[in-house]
Protein chains: 2
Amino acid sequence: MNHPAPRPEFTARYFVESSVASEKIAQVIAGEQSSGTFLSLPGETDELKERSRARVVSIEPLAPTLQPTLPSAYVDRHSHGGVFHRAEIEIAFPVANVGANLSSLLATIAGNLYELGEVTGLRLLDIDLSPDYAAQFAGPAFGIPGTRQLAGVQGRPLIGTIIKPSIGLTPAQTAELVDSLCAAGIDFIKDDELIADPPYAPFDERLRAVMPVLHRHADRLGRMPMYSINISGSVDEMLRRHDAVLAAGGTCVMASINWVGFAAVEYLRRHARLPIHGHRNGWGALTRHGGLGFSFQAYQKLWRLAGIDHLHVNGIRSKFWEPDESVIASARACLTPWAGLQPLMPVFSSGQWAGLAPDLYAALGSVDLMHLAGGGIIGHPDGTAAGTASMHEGWEAAVAGVSLNSYAESHPALRRALVHFANL
Amino acid sequence: MNHPAPRPEFTARYFVESSVASEKIAQVIAGEQSSGTFLSLPGETDELKERSRARVVSIEPLAPTLQPTLPSAYVDRHSHGGVFHRAEIEIAFPVANVGANLSSLLATIAGNLYELGEVTGLRLLDIDLSPDYAAQFAGPAFGIPGTRQLAGVQGRPLIGTIIKPSIGLTPAQTAELVDSLCAAGIDFIKDDELIADPPYAPFDERLRAVMPVLHRHADRLGRMPMYSINISGSVDEMLRRHDAVLAAGGTCVMASINWVGFAAVEYLRRHARLPIHGHRNGWGALTRHGGLGFSFQAYQKLWRLAGIDHLHVNGIRSKFWEPDESVIASARACLTPWAGLQPLMPVFSSGQWAGLAPDLYAALGSVDLMHLAGGGIIGHPDGTAAGTASMHEGWEAAVAGVSLNSYAESHPALRRALVHFANL
């Protein structure tokens with residue numbers, strides 16, 4: 001390990017598996033992703049290295065394995081014997097290599113290193129930036145307090161749902177559904193990620209159909225249910241759509257962050273006057289193999305830098321692959337202030353219903369979240385209003401520290417939900 | 001399988017592994033990614049399904065496995081016995097669900113499906129769009145002929161190299177290096193993906209330092225060596241930088257496509273008057289596990305829709321993990337016209353030198369490529385000019401069908417390269 005140089009740095013922590021010793025592969029990665037290579041290059045002066053070279057901060061060895069986690073033709077060609085070394089390593093990069101440039105930051109911490117021949121496993125586990133450096137990025141503009149203020153909901157989770165069917169409803173049908181959901185007392189409604197601007201339900205027409213409904217309910221409620229309308233598309237269309245939502249009095253915009261991409265989301269954030277609901281569809285491709293890709297911990301920090309306000313974390317006991325502990329860890333990561341940037345509001349969805357509130361509250365100790373239920377609201381045997389009420393009642397019981405069963409004695413919507421959903 | 005409906009569709013082909021039968025998981029994916037779910041929803045009329053539901057086109061069974069490829073807490077909770085079914089499936093989606101919207105296209109073909117609980121392996125293998133539909137996207141503006149024209153190189157590969165050290169050179173040092181590379185006869189020079197706009201070598205200063213050098217050599221050569229300068233950054237900076245390159249007489253811009261993202265790259269393409277050099281750093285995270293993520297075949301089509309002109313494919317016998325057959329297949333994919341969109345120019349790099357030309361030519365039957373060598377040029381024992389000459393001579397021998405050894409008899413640069421590099 002080198003001594004820390006007196007230069008501003010940021011760090012990245014990785015799981016790494018390699019056919020070469022962990023000390024060596026850490027140096028290879030640090031070199032590949034900064035100035036140094038094992039080849040001595042003309043022009044690579046000591047001064048340049050001092051300025052630009054990444055340094056290995058730490059290496060924590062893990063138990064080695066005899067089988068490579070990921071294939072490598074390079075390893076097959078240069079057989080180094082049968083042991084694959086594993087470690088968690090931390091590397092410090094000079095801030096001056098990157099500047100306030102998200103795509104350069106990603107190219108540095110998550111670029112060619114995934115393809116290195118000696119590497120048979122590589123996962124970005126975490127990153128850390130100083131508050132000074134992080135302040136140069138956009139960061140969330142609204143976060144939890146800004147979202148609560150716009151939604152008019154304090155002291156409890158935002159209870160929400162998703163427009164279903166995912167795709168295929170006309171603007172009029174969408175507005176009708178939004179009307180019934182608002183009548184049922186919902187706080188938050190989001191478009192499915194599949195719908196953005198299809199020819200039979202163009203964005204502008206959808207917005208035009210839905211906004212009067214929201215305004216009517218806002219007049220009644222004294223607060224406007226938050227409708228997270230999917231503006232994902234080209235850069236100019238997203239900005240134009242954001243402006244249309246703002247002009248119509250809407251309070252949120254949604255984007256498929258992985259596919260819109262970092263530069264466009266950050267650009268939207270610099271322009272936006274509304275919270276950005278970050279939908280992470282496609283995230284499974286980046287995280288689902290434990291020896292490759294990204295941890296959610298790193299991922300949420302990167303998107304926090306880009307400036308989204310809400311981020312999906314799946315649900316506990318959902319239809320998705322993810323273990324509950326992982327879902328909870330993701331939500332906690334979102335809720336933790338970091339590098340001077342405010343928390344993201346975690347969004348729980350898939351397989352959610354009233355009965356899960358106590359477990360969520362026990363795990364998080366917080367009501368700063370969106371709890372989205374589809375079937376858990378519209379599938380309630382007494383209808384959507386009872387479904388929404390049951391979600392509120394579940395959280396009331398959780399926060400009061402009362403068991404669901406005893407709270408249900410005086411709350412029929414919760415009672416029916418417990419009977420109906422507990423055995424599904 | 002349903003009968004094809006009389007509606008425009010596009011298709012996606014997947015490898016899928018699941019705890020449930022392939023026929024069922026194919027329907028689940030089709031439903032999850034379009035209108036249908038197994039739950040019957042209010043509003044999900046027959047008309048809506050007809051308009052919006054994806055359909056399963058084909059299922060080709062593969063040998064099952066007893067161990068899941070990817071973990072799933074859902075499978076652990078709902079144990080379905082010990083067999084995991086595998087298949088290649090093809091799904092057809094209505095064009096009307098998506099329109100000409102890259103992020104919606106990705107959300108549809110590569111969204112939540114990676115996280116489905118019953119799915120223990122999922123990889124997007126290929127996509128297909130009709131020429132009518134593909135024409136609504138940007139597509140490459142320059143491709144191979146446009147690049148050749150700007151570089152003034154016909155009938156042979158563009159021989160190129162990468163500015164090294166990757167990061168740390170001042171603008172003056174960069175210009176000096178570019179000068180020596182141009183003097184050595186190089187066709188193409190690219191920035192490393194790590195450098196974009198660091199404080200000690202700001203983009204504008206780098207451009208200002210390099211352009212006079214390129215113009216001086218252009219005057220001498222009658223063609224300007226193509227310098228692919230890394231403009232990756234925020235949306236407005238990328239556009240501004242593109243304009244600065246264009247105004248200074250430059251002929252190419254480069255972007256880290258995965259981290260800039262689809263919307264910003266497509267936006268750049270709609271604005272650009274120069275070819276876009278697509279650097280794929282980070283690609284390993286998306287592809288390196290065979291049971292997850294994306295195949296290059298699908299990836300290059302998606303970026304072709306976005307409108308890049310060049311795309312990296314690694315090198316044969318490189319320092320990276322990828323088998324040579326995979327590198328060649330990637331280059332072939334780039335070179336194949338598709339859906340009315342012109343081919344991408346494949347970019348070979350890492351571990352490249354003159355001696356690899358015959359194998360590349362034999363595998364591709366084409367000289368429409370960029371062949372980038374670092375050490376293979378600057379590490380030539382007789383210097384950079386000899387290194388560049390050796391690359392040309394390697395390709396001359398390959399195209400003429402003459403063995404390297406016999407061509408080397410009358411070509412000293414190649415002869416020295418063969419002695420020096422063959423045993424490295």
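If you're wondering where the values come from, they're calculated on a predicted model, not measured in any experiment. Letters go in sequence order (proteins before strands), and every chain restarts at 1. Both backbone and side-chain heavy atoms feed into the values below; hydrogens, waters and symmetry mates do not.
- When each of B:S232, B:S234, B:G293 is checked for heavy-atom pairs under 4.5 Å with chain A, B:S232 comes out on top.
- For B:V119, the parts lying under 4.5 angstrom from a heavy atom of chain A are both the backbone and the side chain.
- Residue B:Y200 touches chain A through its side chain alone, counting heavy-atom pairs closer than 4.5 Å.
- Taking B:M238, B:R317, B:E266 one by one and counting their heavy-atom pairs under 4.5 Å with chain A, the maximum is reached by B:R317.
- For chain A, the nearby parts of B:E193 are the backbone and the side chain; heavy atoms of each come within less than 4.5 Å.
- Only the side chain of A:S104 comes within contact range of chain B, with heavy atoms under 4.5 Å apart.
- In this structure, no portion of B:T287 lies under 4.5 Å from any heavy atom of chain A.
- A:R77 touches chain B through its side chain: at least one heavy atom from C-beta onward sits under 4.5 Å away, while N, CA, C and O do not.
- Annotation: the span from A:H289 atom NE2 to B:L292 atom CG amounts to 8.0 Å, rounded to 0.5 Å.
- Both the backbone and the side chain of B:P71 have a heavy atom closer than 4.5 Å to some heavy atom of chain A.
- If you measure heavy-atom distances from B:D236 to chain A, the contacts under 4.5 Å come from both the backbone and the side chain.
- Relative orientation of the A:F294 and B:W259 rings is perpendicular, given thresholds of 30° and 60° on the angle between their planes.
- With rounding to the nearest 0.5 angstrom, the CG atom of B:D192 is 7.5 Å from the CG atom of A:N112.
- In this structure, the portions of A:I167 lying under 4.5 Å from any heavy atom of chain B include both its backbone and its side chain.
- Contacts between A:N101 and chain B at a heavy-atom distance below 4.5 Å involve the side chain alone, from C-beta outward.
- Only the side chain of B:Q173 comes within contact range of chain A, with heavy atoms under 4.5 Å apart.
- Interface remark: A:H279 contributes side-chain atoms only to the contact with chain B (heavy atom separation under 4.5 Å).
- Each of B:D324, B:N314, B:L113 has some count of heavy-atom pairs under 4.5 Å with chain A, and the biggest count is that of B:N314.
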